[in-house]
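Structure, as structure tokens:
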2 protein chains.
Amino acid sequence: MADIARLAGVSTSTVSRALSHSPLVNQETRDRILDLARSLNYTINIGAQNLRLQQNRTVAVVIPIDQSSRQQLSDPFFLSMLGSLADALSEQGFDTLVSRVDADRVDAASAPFDGGRAIGVILIGQGRHHDQLNKMAARGVPFVVWGAQLPQQLYTTVGGDNVTGGRLATERLLAQGRRRIAFLGDTTLPEVEQRYRGHVQALAAHGIAPDPQLQVAVSFLPESGGQAVAELARRGVDYDAMFASSDLLAMKAIHAMRAQGRDVPADVAVVGYDDIELSGYFHPPLTTIGQPRDVAARALVDALLVLVDGRSAPSVKLPTELIARASA
Amino acid sequence: MADIARLAGVSTSTVSRALSHSPLVNQETRDRILDLARSLNYTINIGAQNLRLQQNRTVAVVIPIDQSSRQQLSDPFFLSMLGSLADALSEQGFDTLVSRVDADRVDAASAPFDGGRAIGVILIGQGRHHDQLNKMAARGVPFVVWGAQLPQQLYTTVGGDNVTGGRLATERLLAQGRRRIAFLGDTTLPEVEQRYRGHVQALAAHGIAPDPQLQVAVSFLPESGGQAVAELARRGVDYDAMFASSDLLAMKAIHAMRAQGRDVPADVAVVGYDDIELSGYFHPPLTTIGQPRDVAARALVDALLVLVDGRSAPSVKLPTELIARASA
DNA sequence: GTGAAAGCGCTAACAA
DNA sequence: TTGTTAGCGCTTTCAC
């Protein structure tokens, strides 16, 4: 900026004003400065501007990962949510800073905010540490979580209606005459727990008591789908249907069942969750519960901006719908 | 920092030194300051620190998107590359700033660097605008591209060995006695063009001339796979194999062929490209060309850091391998 | 319509 | 071992 000022024979104040299109500066001077800036490929230093203006157009998007499994983030649903968030944020003129945190230390997600790098944080996935999030909220960190609404929650969540989702999935299977429905999912995660609750509700409505033998507590590990099917086989338990708490899990399980010579949907009808892009192209095309990423992303961003504004943002429960395809 | 200084009864310099664990400051003073900082939930303002230090630990990861189709970024390969990059960068202590640019204006990718937000840029995908990238390089922007190595290239690329990849895929199909191999891909993209070149080489080695009727110039659009299969049907052209330039495309095409009653691999053997996670769980499990994301991500980051260091970084061609599964 | 000066939060040379 | 001071690149009040 000093260079431009010198070349234009004005002060840096004038350059600053010209670059911000201030009407205070003479039209002609302004044009000269803008031309100069362009020809020098000059761009304003955003860090310095932010510092001076005490503002910031950056939002941190943080993904908790299970350190124990050291797994790369790979669930297409989360990845695609990240894409949608980047879109929604840039639509609103915000930059997106991506980072991961250990799922056991989700409170570390506030780092970009604490360090003044971001005006707020969007957490994709809530993990098991409700308490850490509550503390973070108490500390005044503006953040929004993609996840389930929980009792005594001091922070804002945006999430699908997991109970209804679980119910819809199970009802679909029941409607097809299936009665022995395996449930695959890690119910220590609030979202999955709610889906399981919906599942049990639907069973109850049909007078069926949930059979613990049919519930497999897989975590979201690489080989989880295959392991779950193996576990069911080991238990020697009979099942004619399966509700998997993610499409990825469902696909892996179907793959494993196929290796056992079981046909989907003839032998086992399967419903997944998330409606990732590939679900429709899978064989058989996967019946699943839709969670619209772009709507979710916009809701997350909107809620965060409200928080940043100092107002309080209510948690949002987005409607879910059954996407009926061939697998069930 | 001023608050802490006041409370600790020292100057901000001392606080600054204490926070950076400088040995210059008295052990006891340092502990007092660090305790104070912790109890106040104080974190250094990175923007100010960067400004003062003229440094920066942020790298921009930019994804070109086809504005015409306004499609959400959805190819799992790119998304998963983004994940691997975020991992590789944070391993090296860098933050990741994500943004998109119009594929027709890839030179806009330099914005985060120009604005001092990032020390360099990693571009996932090269697009069609070699010239814009060359100009960007001439301007001195430190950036690395995931893509194909081209003649007269002033910038650094890291990419798979696409020609070999194309050759391996086609040889696999030829080895199974297939002779009428459809090629699906947008050959205006350098990477795809190179894969096509490898394809033609393999055909030539078997004395087969490429049949233009078998080449379908799909772009990476949502319905591209289905459209391509429809197009082949419209042309009334016979084929007993298919080489798709991405796994996503392959899966969509297989889905469409199945709807036509054609069996994979019995009627049509299919080879994809990328080896995305779901390829192994697809039905039939997809034979494909592996492009290791984590290795690629590390290579991209390493190359960028060399550039940022002011040195020149050679382009890298990573080995590709055939992942043999059931689809071919 | 323009410039001088102060200050955003931080660090480092220099002095004590 | 610590403090004083200047300055990173920018914006804005105040004065002219």
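Values below: all heavy atoms of this structure, side chains included; hydrogens, waters and symmetry mates excluded. Below, chains carry the letters A, B, ... as their sequence lines are ordered, and counting in each starts from 1.
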Across all chains, not counting sequence neighbours, the salt bridge (Lys or Arg N to Asp or Glu O under 4.0 Å) partners of B:D302 are none

Terminal axes of the helix from C:dG1-D:dC16 to C:dA16-D:dT1 (5 end pairs apiece), angle rounded to 10 degrees, sit apart by 40°

Residue set satisfying side-chain contact (heavy atoms from CB on, under 4.5 Å) with B:P314, at least two apart, ordered chain then number -> none

Across all chains, not counting sequence neighbours, the side-chain contact (heavy atoms from CB on, under 4.5 Å) partners of A:N26 are A:E28, A:T29

Practice item. Using modelled atom types only, decide if a donor and an acceptor are shared between the side chain of B:R32 and the backbone of B:A8 within a distance under 3.5 Å. Key: yes

Hits for salt bridge (Lys or Arg N to Asp or Glu O under 4.0 Å) against B:D31, two or more places apart or cross-chain, chain-then-number order -> none

Could you give the side-chain donor-acceptor pairs of residues 119-128 of chain A under 3.5 Å, partners two or more places apart or in another chain?
from   : atom 1 : to     : atom 2 : distance (Å)
A:Q126 : OE1    : A:A148 : N      : 2.8
A:Q126 : NE2    : A:A148 : O      : 2.9
A:Q126 : NE2    : A:Y155 : OH     : 3.1
A:R128 : NH1    : A:D186 : OD2    : 2.9
A:R128 : NH1    : A:T188 : OG1    : 2.6
A:R128 : NH2    : A:D66  : OD2    : 3.4

Across all chains, not counting sequence neighbours, the side-chain contact (heavy atoms from CB on, under 4.5 Å) partners of A:D107 are A:R105, A:Q132, A:M136

Under a 4.0 Å heavy-atom criterion, DNA chain D is touched by chain B from D:dT1 to D:dG9

With sugar-phosphate taken as primed atoms, P, OP1 and OP2 and all else as base, the protein-contact string of nucleotides 4-11 of chain C at under 4.0 Å (heavy atoms; B, S, -) is BBBBBBBB

Residues passing the salt bridge (Lys or Arg N to Asp or Glu O under 4.0 Å) test with B:R52, sequence neighbours excluded, are none

For B:S16, the side-chain contact (heavy atoms from CB on, under 4.5 Å) test, sequence neighbours excluded, returns B:M1

Here the salt bridge (Lys or Arg N to Asp or Glu O under 4.0 Å) pairs for residues 35-51 of chain B, sequence neighbours left out, are B:D35-B:R38

